[in-house]
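Let me begin by presenting the structure, written as structure tokens, before commenting on it.
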Amino acid sequence: MGNIMVKTIRATIGFTLLAMGGYAHAQATTTCPTLPADSGLTWETKTAGGTQFCRAMRADGSEAFGLYLAAQTPFKPNRGDRAEEVKIDGRDTYWYRSELAGQPDVQARETAISLADGRVAYLWIQAKSNDDLAKAIAQSSTLRFGTGGGAQLTSK
């Protein structure tokens, strides 16, 4: 039942993002984490209430990965779904396998990071190939969340 709830929550987040309409490209004025200048990615971002939605977009308009920053997240890691071990913001964490209803060919990953300011960053990847997945994992590993202590991971 937990996986169904997570899938429902993810679907709700996706529909919410679609319903919010136009995103603004504004990395410098958002609370999205820092992307390396040479990544080829830009942020599309939208704020709704106390939640900041950030989508790392490739030059072709496709999403490399996304995240939201909020007071809490419904994501609860399941040790059995652990996949890739990485460093994000200099700390060890795991990406967890996930599924997208109706899209069995898409490789999905998710993780969550507790930030020094008390918020949580929930990150996701939806990749159509092993190469896209590997590249998105590598790019997301370069994220830097603010200054003054960075992030503390909750997904280990």
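In what follows, every heavy atom counts, from backbone to side chain, and hydrogens, waters and symmetry copies are set aside.
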- Message: Can you tell whether the side chains of R97 and D81 come within less than 4.0 Å, N to carboxylate O?
- Response: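 The answer is no: the pair does not qualify as a salt bridge.
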
- Charged N to carboxylate O under 4.0 angstrom, R119 versus D117?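 Between D117 and R119 there is a salt bridge, with a charged N closer than 4.0 Å to a carboxylate O.
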
- Please identify each residue that fulfils side chain to side chain contact (heavy atoms under 4.5 Å, CB included) with Q72, with sequence neighbours left out.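 For Q72 there are no side chain to side chain contact (heavy atoms under 4.5 Å, CB included) partners, ignoring immediate neighbours.
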
- Query: Who pairs with T51 by side chain to side chain contact (heavy atoms under 4.5 Å, CB included), at least two apart in sequence or on another chain?
  - Reply: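 With neighbours one apart ignored, the set is F53, Y68, A70.
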
- Where do D105 and K128 land on the side-chain contact (heavy atoms from CB on, under 4.5 Å) test, with the steps shown first? CA-CA 7 Å; D105 295 335; K128 295 180 182 178; over 6 Å; no

Write down the atom of [X], the atom of [Y], and the distance for their closest heavy-atom approach.
X: T73; Y: A112; value: CG2-CB, 4.2 Å
X: W43; Y: P33; value: NE1-O, 2.8 Å
X: S140; Y: I125; value: OG-CD1, 4.3 Å
X: A64; Y: A136; value: O-CB, 3.3 Å
X: Q107; Y: S129; value: NE2-C, 3.5 Å

- Got a sec, which residues hit salt bridge (charged side-chain N to carboxylate O under 4.0 Å, His left out) with K135, two or more places apart in sequence or on another chain?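 Listed in chain order: nothing, the list is empty.
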
- Message: Checking side-chain polar atoms at under 3.5 Å, does T47 have a donor or acceptor matched by the opposite partner on Q52?
- Response: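 Note: T47 and Q52 side chains meet the donor-acceptor criterion.
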
Does any part of the side chain of [Y], heavy atoms only, come nearer than 4.5 Å to the side chain of [X], both counted from C-beta?
X: E63; Y: W124; result: yes
X: E110; Y: L123; result: no
X: Q139; Y: L41; result: yes
X: L143; Y: L67; result: yes
X: I88; Y: F145; result: yes
X: V86; Y: I137; result: yes

Straight-line distance of [X] [atom1] to [Y] [atom2], nearest 0.5 Å:
X: N130; Y: D132; atom1: CG; atom2: CG; result: 9.0 Å
X: F65; Y: R55; atom1: CZ; atom2: CZ; result: 12.0 Å
X: C54; Y: E44; atom1: SG; atom2: CD; result: 11.0 Å
X: S39; Y: R58; atom1: OG; atom2: CZ; result: 11.0 Å

- Please step through side chain to side chain donor-acceptor pair (under 3.5 Å) for the pair E84 and Y94, ending with a clear verdict. CA-CA 6 Å; E84 299 80 9; Y94 288 94; over 6 Å; no

- Donor-acceptor pair, side chain of R82 and main chain of W95, under 3.5 angstrom: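 The answer is no, because no donor-acceptor pair under 3.5 Å joins these two groups.
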
- Message: Run K87 and S141 through side-chain contact (heavy atoms from CB on, under 4.5 Å) and show every step you take.
- Response: CA-CA 6 Å; K87 285 189 182 278; S141 296; 5.8 Å; no

